[in-house]
Amino acid sequence: MGFINSLLEILGLGIGVPLGLIVGYFLFVHFEPKDVKDPLSRPLHEFDTRSLLDLLPEVPLWAKHPDFHRVDWLNRFLRYMWPYLDQAICNLIRSTAQPMFEEYVGTYQIKALEFEKLSLGTLPPAIHGVKVHETNENELVLEPAIRWAGNPNIILVLKLLFLRIPVQLLDVQISAVPRIILKPLLPTFPCFASITVSLLDKPQVDFGLKLFNGDMMAIPLLYQSVQETIRKQIANLYLWPQTLEIPILDGSAGATKKPVGILHVKVIRARKLLKMDLLGTSDPYVQLSLSGEKLPSKRTTVKMNNLNPEWNESFNLTVKDFRSQVLELHVYDWEKFGTHDKLGMQVVPLTLISPHEPKEFTLNLVKNQNLNDPHNKKPRGQLMVELSYHPLREDSHGFSGPLERHESQISESEVLEKTNEEASHNCQPGLLLVTVKGAEDVEDKHHTNPYALVMFRGEEKKTKLVKRTRDPCWNEEFQFVLEEAPLKEEIQIQVMSKRRTKFCFSSKESLGYVNINLSDVVFNGHINEKFNLINSRNGVIHVEIRWEVT
């Protein structure tokens, strides 16, 4: 019976296969589909957002959002540089992690903790678009959309007594949009002092983790827990407003130092000065300045025919580095013609002064600061001065602003206390810092060689002249030391143009001006705005003003 069944199966297979092929051939040749419909085609603008995402799920941001710019050149650069970037980043990771690993060696029976393999793989990250923000601040803001589906090979080995535990990280996928801020911008390479990085949203992170060659991420509950924990930790560290600041330049490398205080100098008197004139007298005056400062020196009035002059004149100087700067005092004999003769000099380190405590100094004048110079042994008289240093308040960025609590929850005593505090701030001396950044679309009929004039309280300060341009960039700061807040005052900034003619005559023309009320600066502590120029067709000037109190 078994033989008969096997024989029938062979016969059925031998007859059925050729017969099926013949029937299929004739059906394919003689029968064709009659109702063939054309494919449906629709323009893209007729699709809604969901349909487009279904059709093209990986549309780059530069195609979906006009604010993002396409950066294929940057991705090509990353591909070429990735082997070298891989080694550089891995070396940085090793040097950073090594001190952290050494803290755990010897505790919890840990004998060693080290990288057995450390490589970011052969696949570089891709940037799917970059968004650039324009701000009035002295900074550059970038938001790159970064995606990395990498194949790293990172093996961390933990040695516990006689047990060796290898942990391998692989198949990493990261998607994030960080905000990168380069500030402040400087005229020294690389033209910015620091990099500030923060995340606008929680990043998407996925990876594989092997322990003893076993896939730990295959455990469902563990996988979800690890992913969520990592996202929360990264968000706690770097999600905006939390930031990571990476310094690039320090003060010695070209970063502009901000003022930290005001030095009040009172030149009181001098005694027994040298006789420099033919009649046996001198016409002395004192010139004073701070070391490392490019601002013009201050000077007292000239006391004619007097070897024991009395001045009692006060001056205010801006301090940028209290620990290193010194006050330089030079006494000169005024001459109507020719150079002025030097009577003597002396220096006072600022570290000899305590903040807010006036201190008098009686200084023995010398010829120069060379202690081995025999001319310094000759008596040159004495100079008496009084110095007091007032540091600027770190929280002087405004006296008013949004309240943290609702007005109904603030008592009358608190309101009165706040009002008295603001009034006391307004009566205190301070420093007015005016930075003329640049102008746009300034022009005149005859020539356009613009420079800016800053006029305040009868004092006039001028920026450099930029030739043949309608969009000058100055970035020059001017300082005004004031005894009280300029609540009811204005500062005028005027854009001028100057040209020298063939006959050495110069012609000046006004390209527009602006009057800025300083009350907003006092109460807010800072403004950074662009103002439309008066008497100008389309001219705009960019000004930053700060008020800092002592």
Side-chain angles (χ1 to χ4, degrees), residues 136-138 256 258-259 262 294-296 298 315-318 392 396-400 425-467 469-500 506-549:
N136 289 336
E137 303 295 333
N138 190 25
T256 304
K258 295 182 179 180
I262 298 175
K294 297 181 180 180
L295 296 176
K298 308 283 187 178
F315 304 90
N316 295 318
L317 303 176
T318 305
L392 297 176
S396 64
H397 297 295
F399 312 134
S400 64
H425 274 89
N426 297 339
C427 296
Q428 291 180 351
L431 186 65
L432 186 69
L433 301 172
V434 182
T435 303
V436 185
K437 294 184 174 294
E440 301 173 6
D441 292 333
V442 293
E443 61 177 337
D444 202 77
K445 298 179 180 179
H446 302 93
H447 51 78
T448 306
N449 303 317
Y451 64 95
L453 289 177
V454 180
M455 291 167 282
F456 180 66
R457 289 188 176 181
E459 190 174 357
E460 185 178 288
K461 299 185 178 183
K462 182 172 63 173
T463 67
K464 62 186 176 183
L465 183 144
V466 184
K467 293 184 178 180
T469 180
R470 295 176 55 188
D471 303 308
C473 181
W474 294 298
N475 278 324
E476 295 190 32
E477 182 182 85
F478 304 100
Q479 304 171 2
F480 300 90
V481 181
L482 308 179
E483 295 298 328
E484 61 181 10
L487 283 173
K488 299 180 180 180
E489 298 183 70
E490 290 184 343
I491 188 170
Q492 185 180 97
I493 302 177
Q494 187 172 14
V495 181
M496 301 289 294
S497 178
K498 182 178 180 180
R499 183 186 64 171
R500 187 174 296 275
S506 60
S507 62
K508 300 179 181 179
E509 299 181 16
S510 175
L511 306 183
Y513 70 94
V514 62
N515 294 321
I516 303 174
N517 194 326
L518 296 178
S519 60
D520 291 339
V521 180
V522 173
F523 284 105
N524 296 323
H526 170 266
I527 66 168
N528 190 349
E529 298 179 9
K530 293 183 179 181
F531 300 90
N532 294 320
L533 292 171
I534 302 174
N535 292 339
S536 175
R537 182 182 301 175
N538 300 311
V540 175
I541 189 167
H542 186 187
V543 181
E544 180 182 5
I545 306 178
R546 287 181 291 149
W547 169 249
E548 300 184 3
V549 299

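Excluded from the calculations below are hydrogen atoms, water molecules and symmetry mates; all remaining heavy atoms, backbone and side chain alike, are included. Everything quoted here is computed from the prediction, not taken from an experiment.
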Salt bridge (charged side-chain N to carboxylate O under 4.0 Å, His left out) between E477 and R546, worked out: CA-CA 11 Å; E477 182 182 85; R546 287 181 291 149; 3.3 Å; yes

Pairwise side-chain hydrogen bond (donor to acceptor under 3.5 Å, both in side chains) hits with a residue in residues 531-540, at least two apart: none

Closest non-hydrogen atom pair, I491 against M455: CG1-O, 3.5 Å

Would a 4.5 Å heavy-atom cut-off, applied to side chains only, mark [X] and [Y] as touching?
| X | Y | answer |
| --- | --- | --- |
| E529 | V543 | no |
| Q492 | Y513 | yes |
| P259 | L433 | yes |
| F523 | L487 | yes |
| F480 | V454 | yes |
| I516 | I545 | yes |
| L511 | L533 | no |
| S519 | V521 | no |

Pairwise distance [atom1]([X]) to [atom2]([Y]) - rounded to 0.5 angstrom:
| X | Y | atom1 | atom2 | value |
| --- | --- | --- | --- | --- |
| F478 | L453 | CZ | CG | 9.0 Å |
| S497 | N449 | OG | CG | 4.5 Å |
| N515 | E490 | CG | CD | 5.0 Å |
| K488 | L518 | NZ | CG | 14.0 Å |
| E544 | N475 | CD | CG | 9.5 Å |
| T469 | E443 | OG1 | CD | 11.5 Å |

cation_pi(K461, F456) dist<6.0 Å, angle<=45: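 K461 over F456 ring: no.
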
Within 45° cone of Y451 ring axis and under 6.0 Å: K462 NZ or CZ: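 Yes, a cation-pi geometry holds between K462 and Y451.
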
Chi angles and distances behind the side-chain contact (heavy atoms from CB on, under 4.5 Å) call for H542, V436: CA-CA 6 Å; H542 186 187; V436 185; over 6 Å; no

Steps toward side-chain contact (heavy atoms from CB on, under 4.5 Å) verdict (I541, I493): CA-CA 9 Å; I541 189 167; I493 302 177; 3.5 Å; yes

Residues Q494 and S510: side-chain donor-acceptor under 3.5 angstrom: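 The answer is yes; a qualifying pair exists.
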
Audit row: F531, V540, side-chain contact (heavy atoms from CB on, under 4.5 Å) steps and yes/no: CA-CA 6 Å; F531 300 90; V540 175; over 6 Å; no

L482 backbone acceptor or donor facing N316 side chain under 3.5 Å: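 Here the side-chain-to-backbone pair does not exist.
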
Main-chain N/O of K464 paired to W474 side chain as donor or acceptor, under 3.5 Å: yes

Note: R470-E440 ion pair, threshold 4.0 Å (strictly below): no

Evaluation steps, side-chain contact (heavy atoms from CB on, under 4.5 Å), between T435 and E476: CA-CA 5 Å; T435 303; E476 295 190 32; over 6 Å; no

